[in-house]
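Below is one structure, written out as structure tokens; the observations come after it.
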Amino acid sequence: MSRPLSLDPALIEAAQTATAWPFEEARKLVERLKRTGKKEALFETGYGPSGLPHIGTFGEVARTSMVRHAFRVLTGDSIPTRLVAFSDDMDGLRKVPDNIPNKELVASALGKPLTQVPDPFGTHESFAHHNNARLREFLDAFGFDYEFKSATECYRSGVFDKALLTVLERYEAVMAIMLPSLREERQQSYSPFLPIHPKTGIVMQVAIDECKREAGTIVWRDPDTGERFETPVTGGHAKLQWKPDWAMRWVALGVDYEMAGKDLIDSVKLSGEIAKALGGQPPEGFNYELFLDEKGQKISKSKGNGLTIDEWLTYGTPDSLALFMFNKPREAKKLYFDVIPRQVDDYLTFLEKYSAQDSKARLMNPVWHIHSGEPPVPELVSSGGANQPGTTISFSMLLNLVAVANSEDPAVLWGFIRRYAPGVSPETHPRLDSLVKRAVRYFEDFVKPQKTYRLPDEVEASSLKRLSDVLASFESGERPATAETIQEEIYNVGRAEPRYQDLKAKGATPDRPGVSIEWFNTIYQVLLGEPRGPRFGSFVALYGVKETRALIAKALAGDLVREHEAFLKSRAA
RNA sequence: GAGCGCGUAGCUCAGCCGGUAGAGCAUCUGACUUUUAAUCAGAGGGUCCUGGGUUCGAGUCCCAGCGCGCUCACCA
């Protein structure tokens, strides 16, 4: 059931002229309902359960939900709405997917409806049931409001019967629409009806010899045995080819809105004509652009390129993915790892701006659409205590932090964050905490491989050795190991080495030379594998004196270089 | 062949109903009680693909062209 809306009259007023694309779409729908006089708006999204739900499925449901919400606000929630997630699970299994166990089991059911194919994972009644369950799990996890419908159930229960008989009734009209779109050889065998073989259970792609309209049956022949069959088009004994199927479903269910990828433009057109031939009206909708992988290719389940939902959620938040789907649905967009940080940060920025915006601006703000009009309060941090105006810690800032902190431990990162903003913790800022964890993952997978450790030369090695010795004096606890005292010692060690002396530095005297930046660069490059780094005294204080000495020892022994090479090799494998 | 999209700063891209070109990154300069950055302030940087049209006025609207990319044409 859809949640009630809090409807501010000013908001409804602003919605009438809002230009965000979900409103443009919703307005088409308002016009349509005025025309048809229908008392309900039905939204549909389609899903083919021959594999797990992918990121495009998510996008379609997310975008359709945004249009639905815009529609509800536009109409003051005076017209009921429903969103149907339709699974085309009676489709025949064409080939065995690569990414599943028990392939032989599945191969034995080739050609049968997906709901008749055994579940290779052994957890559900069929392969389709398994994938359907995964789809629902995933839609539920995002909190989408939808009704699930299975093609198999619709066919068997008779929900489609009336529309199916209409297709039989207007068989010639449907063929007249379909045939010109097909090649000559396909025209010979084409039929909108696919009877289920009464003996083998296979979805048959055969020419129809005869339509018996009074009986509601079709007559066809098994191409292998030559046996003739007469099959009812109703009751799940036959299904339709997908374009007529789509059209029939629109008519049978009364679908008012469905969007589709631009690869389906021609199909939408044909199905729309069929829907009209069946006496219905094709739904409103638009063609969104496809997602491209890093090389600009269309992402597809079969190729396995591009990003999966899980991969996105490893590094980016669900909200950032929703933002990606909101942005420019009509433009081709690269969907790859490197777009994630920007989406996360854009989301945070939009969220931060939201509270200060008026109704009109809010309706243009993606977070309004992403969160159905009720975005959460942003998690701000302030360096000057709780009463100071806060800012949002951005993902890119966290990524920098992880890189220079050289730590994969979220607790160490929180140490750095607290130094900047006292009083902030994973408990007070749980969403920031989830960002920290994701930043760590991003660091491990994309930043760490970019690190380049190098070996110290003799002078560098002896300076680092001395630094380690000096740090030892902090370990006993006789001196407080604060960021400042440690920093002071780092300078002293550098000052003792002629290579690092800098007489031009501000405040430098011949007795007490300044310390060149070279000393710090040595530390970052040798110890952290980074060209630049944090204030090192602060780093040691947080990272630990003992740990830092161990780090130096490993660097001097050449272990850091070796370990990083091994790490890179294991990644490549 | 048909359809869709894109072309704006070095890079990635915003740019609403036509009204003095914007952001992030990068670069440079400066601040932060010694140079370090997870910070802040500032600066430089553009033939808005080309040509025409509409207009008092076009990155924006219209037409033509050039360039780049994708999709469809067997199946879903």
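Small disclaimer: the values here were computed from a predicted structure and weren't measured. Numbered from 1 within each chain, the chains take letters A, B, ... in sequence-line order.
- Between A:Asn327 atom CG and B:G5 atom C1' the separation is 16 Å, expressed in whole Å.
- Residue order along RNA chain B, read from the 5' end via each residue's closest nucleotide, puts A:Glu24 first among A:Asp88 and A:Glu24.
- Residue A:Leu264 contributes atom CG, which lies 9 Å from atom P of B:C72 at whole-angstrom precision.
- In the set B:U71, B:C4, B:C75, B:C75 carries the atom at the smallest distance from any side-chain atom of A:Leu182.
- Between A:Arg186 atom CZ and B:C72 atom C1' there is a gap of 17 Å when expressed in whole angstrom units.
- Closest contact between the side chain of A:Lys328 and the listed nucleotides B:A14, B:C72, B:C74 involves B:A14.
- A donor-acceptor contact closer than 3.5 angstrom links the side chains of A:Ser320 and A:Trp312.
- Contact annotation: side chain of A:Lys262 to base of B:C70, donor-acceptor pair present below 3.5 Å.
- Spacing between B:U60 and B:G69 at atom P, rounded to whole Å, works out to 24 Å.
- As rounded to whole Å, 14 Å separates atom P of B:U71 from atom CG of A:Asp266.
- Rounded to a whole angstrom, the distance from the C1' atom of B:G18 to that of B:U54 is 11 Å.
- Of the P atoms belonging to B:G65 and B:A2, the separation is 12 Å, rounded to the nearest Å.
- To the nearest whole angstrom, the two P atoms, one in B:U50 and one in B:C11, are 16 Å apart.
- The distance from atom NZ of A:Lys269 to atom P of B:U71 is 18 Å, rounded to the nearest whole Å.
- Ring pair A:Trp250/A:Trp246 is tilted by interplanar angle, where 30° to 60° counts as tilted.
- With no hydrogens or angles considered, a side-chain donor-acceptor pair links A:Ser150 and A:Asp89 at under 3.5 Å.
- Taking atom P in both B:G44 and B:C4, one finds a spacing of 43 Å when rounded to whole Å.
- Separation of the C1' atoms belonging to B:A14 and B:A21 is 11 Å when rounded to the nearest angstrom.
- Nucleotide B:A43: paired with B:U27 (Watson-Crick or G-U wobble, both distances less than 3.5 Å).
- Side chain of A:Gln241, nearest nucleotide from B:U71, B:C4, B:C75: B:C75.
- Atom name P, nucleotides B:A38 and B:C28: the rounded distance is 16 Å, in whole Å.
- Using Watson-Crick or G-U wobble geometry with both donor-acceptor distances under 3.5 Å, B:C6 finds its partner in B:G67.
- Between A:Phe395 atom CZ and B:G24 atom P the separation is 19 Å, expressed in whole Å.
- Taking atom CD of residue A:Glu184 and atom P of nucleotide B:A73, one finds them 19 Å apart after rounding to whole Å.
- For B:C56, the paired nucleotide is B:G19, the pair qualifying as Watson-Crick or G-U wobble because both relevant distances are below 3.5 Å.
- A:Leu290 places its CG atom 17 Å from the P atom of B:G3, with the value rounded to the nearest Å.
- Between B:A76, B:G15, B:U34, one nucleotide has an atom nearer to the side chain of A:Glu488 than all others, and that is B:U34.
- Pairing for B:G1 is with B:C72, a Watson-Crick or G-U wobble pair whose two hydrogen-bonding atom distances lie under 3.5 Å.
- Taking 4.0 Å as the cut-off between side-chain N and carboxylate O, A:Arg249 and A:Glu44 count as a salt-bridged pair.
- Mapped onto RNA chain B by nearest heavy atom, A:Met364 and A:Arg342 fall at different nucleotides, with A:Arg342 at the one closer to the 5' end.
- Side chain to side chain, A:Tyr47 and A:Glu60 fail the donor-acceptor criterion of an N or O pair below 3.5 Å.
- Of the N and O atoms on the side chains of A:Asn365 and A:Arg362, not one donor lies less than 3.5 Å from an acceptor on the other residue.
- Closest to the side chain of A:Arg183, out of B:C74, B:A76, B:C72, is B:C74.
- Other residues, nucleotides and ligands contribute over 12 non-hydrogen atoms within 6.0 Å of the CD atom of A:Glu497.
- Straight-line distance between the P atoms of B:G15 and B:C49: roughly 15 Å, to the nearest whole Å.
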